[in-house]
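Remarks on the structure that follows.
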Amino acid sequence: MRYVQLDTPKPISKIGLGTWQFGSKEWGYGPDYERRAAEIVRRALDLGVTLFDTAELYGFGRSERILGAALGNDRSKVVVASKIFPLLPVAPVVQQRAVASAARLGVDGIDLYQVHQANPVVADTTTMRGMRSLQDVGLVGEVGVSNYGLRRWRFAEAALGRRVLSNQVRYSMIDRGPEEDLIPYAEQAGRIVIAYSPLAQGFLSGRYDATNPPAGAVRRANPYFLPENLERGTALIATLREVADAHDATPSQIALAYVLRHPNVVAIPGASGVEQMERNAAAAEIDLTDDEYAALVAAARAFRPVTGLAAVPRMVRARLGR
Ligand SMILES: NC(=O)c1ccc[n+]([C@@H]2O[C@H](COP(=O)([O-])OP(=O)(O)OC[C@H]3O[C@@H](n4cnc5c(N)ncnc54)[C@H](OP(=O)(O)O)[C@@H]3O)[C@@H](O)[C@H]2O)c1
């Protein structure tokens, strides 16, 4: 495993584990998944993974419970990251919610406590007041944000009066927005971009095609899995396979290596089984050549999925099986 070269109380592994899948029916993994989830966590620990990401929203607290129980006594050795869903993120609410999350996780302190998304009405001045007091009493180690633009990230830092260590955002080969400003800022200021959906929810694994889309409500709502987009992605997946062959790796591993190339980026793929966890952890060791990276960038740029409003009628038709 490789770790971010930054001054943090505990090392942060380049590959972490995302746990939205834990306790969340919308992924369609069935009742047996709770046992597998615990195995995934234990294996991740063996492989040197130190970043475990959850949120109070995932499975309405079940993900935090499953993660905390699976980590057991190793909880204190790793970076446990959770998120507050900012419904009314005023200082006293932030404090109460952190206490509830810590209790579900079974920890004395949450190593990284993140604001799940920017609240359009409540300013970060008040949210960060709550965060600061949580840090002062030791219930929260580092503060993070999620789905923040650069301006608001920096505003949050000014409001906290301390570093907001990380911004967790969607970042993968086919969602490259963070390369414009968030990643350069992280590199210059010693911060971290946490890449969520780094496999585009499995789109980049090459496992799925127009005749074989994934099950589950989460991915039915993701336009990348429209038959038309799966079809349009064929050339991109072929390039991923080509690079993967040269490394004796899989397309998913190359997709992860792509985002991890930036020193201040870590990725938190979810996993449906232990073997995926193993492969994902191994991806941290893959170094892409400049030529391979350029080929991936070109293939990703050439991929033009149908997204946004244009995708809506197609998604309805796909749902209705037409
Ligand atoms: N902050 C936010 O707003 C936000 C939003 C979304 C996610 N997140 C966090 O980020 C984490 C990851 O994002 P995500 O789950 O949306 O997407 P992801 O990590 O891109 O995709 C995860 C899915 O990809 C497949 N997969 C994983 N490893 C694989 C491998 N080695 N080979 C082939 N397939 C593989 C698995 O599904 P199948 O095996 O079923 O194909 C798995 O469930 C979440 O768990 C959550 O913690 C945060």
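The first residue of the sequence shown is numbered 1, and numbering continues consecutively from there.
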side-chain hydrogen bond (donor to acceptor under 3.5 Å, both in side chains) assessment of Q114 paired with N167: CA-CA 8 Å; Q114 307 155 99; N167 191 356; over 6 Å; no
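- Put simply, the side chain of T19 reaches to within 4.5 Å of the side chain of L17, judged on heavy atoms.
- Sorted by first then second residue, the salt bridge (Lys or Arg N to Asp or Glu O under 4.0 Å) pairs that include residues 290-300, not counting sequence neighbours, are R261-D290.
- Using a 4.5 Å heavy-atom cutoff, the side chains of L139 and D108 are not in contact.
- Residues R97 and E56 are paired through a salt bridge, judged by an N-O separation under 4.0 Å between the basic side chain and the carboxylate.
- For residues 296-310, there are no side chain to side chain donor-acceptor pair (under 3.5 Å) pairs, not counting sequence neighbours.
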From CA spacing to verdict: side chain to side chain contact (heavy atoms under 4.5 Å, CB included), Q253, H247: CA-CA 10 Å; Q253 289 179 308; H247 289 267; over 6 Å; no
Working for side-chain hydrogen bond (donor to acceptor under 3.5 Å, both in side chains), residues S146 and Q117: CA-CA 5 Å; S146 175; Q117 59 191 55; over 6 Å; no
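- Note on residues 277-310: pairs passing ring pair (Phe, Tyr, Trp, His ring centres under 6.0 Å), not counting sequence neighbours, are F203-F303, Y258-Y293.
- Remark: E275 engages R279 in a side chain to side chain donor-acceptor pair (under 3.5 Å) (not counting sequence neighbours).
- Counting only heavy atoms from C-beta outward, the side chains of Y148 and F155 never approach each other to under 4.5 Å.
- Of the N and O atoms on the side chains of S101 and E64, at least one donor lies less than 3.5 Å from an acceptor on the other residue.
- S272 and Q21 share no donor-acceptor pair across their side chains, judged by distance under 3.5 Å alone.
- Within 6.0 Å of atom CG in N212, more than 12 heavy atoms from other residues, nucleotides or ligands are found, so the atom counts as buried in its surroundings.
- Looking at residues two or more places apart in sequence or on another chain, you find a side chain to side chain donor-acceptor pair (under 3.5 Å) between R152 and D124.
- Annotation: side chain of K10 is in contact with side chain of D111 (closest heavy-atom distance under 4.5 Å).
- For the residue pair E142 / T8, no side-chain donor-acceptor distance below 3.5 Å is found, with atom types taken as modelled.
- Pairs of residues two or more places apart, or lying in two chains, that qualify as salt bridge (Lys or Arg N to Asp or Glu O under 4.0 Å) and include a residue from residues 28-38 are D32-R35, R35-E39.
- The environment of Q188 atom CD is dense: over 12 non-hydrogen atoms of other residues, nucleotides or ligands sit within 6.0 angstrom.
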Side chain to side chain contact (heavy atoms under 4.5 Å, CB included) assessment of R2 paired with I15: CA-CA 8 Å; R2 287 179 175 165; I15 287 285; over 6 Å; no
Test salt bridge (Lys or Arg N to Asp or Glu O under 4.0 Å) applied to K83 and D53, step by step: CA-CA 8 Å; K83 307 182 202 85; D53 179 74; 2.8 Å; yes
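- Checked by atom type, the side-chain pair Q135/Y113 shows no donor-acceptor distance below 3.5 Å.
- No hydrogens or angles considered: nothing links the side chains of T54 and S82 as a donor-acceptor pair under 3.5 Å.
- A distance below 6.0 Å separates the ring centres of Y58 and H116.
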Side chain to side chain contact (heavy atoms under 4.5 Å, CB included) between V80 and V78, worked out: CA-CA 6 Å; V80 176; V78 298; 4.1 Å; yes
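- When all heavy atoms are compared, the tightest approach of N229 to V306 is OD1-N, 2.7 Å.
- Counting only N and O atoms by type, the side chains of Q168 and N147 include no donor and acceptor under 3.5 Å apart.
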Working for side chain to side chain contact (heavy atoms under 4.5 Å, CB included), residues D209 and E231: CA-CA 7 Å; D209 60 39; E231 197 70 54; over 6 Å; no
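- Here the side chains of V4 and V266 are in contact, with some heavy-atom distance below 4.5 Å.
- Neither side chain, E187 nor N264, offers a donor N or O lying under 3.5 Å from an acceptor on the other.
- Residue D46 places its CG atom among more than 12 non-hydrogen atoms of other residues, nucleotides or ligands, all under 6.0 Å distant.
- Other residues, nucleotides and ligands contribute at most 12 non-hydrogen atoms within 6.0 Å of the CZ atom of R170.
- Side-chain atoms of Y224 and D175 form a donor-acceptor pair, as typed in the model, at a separation below 3.5 Å.
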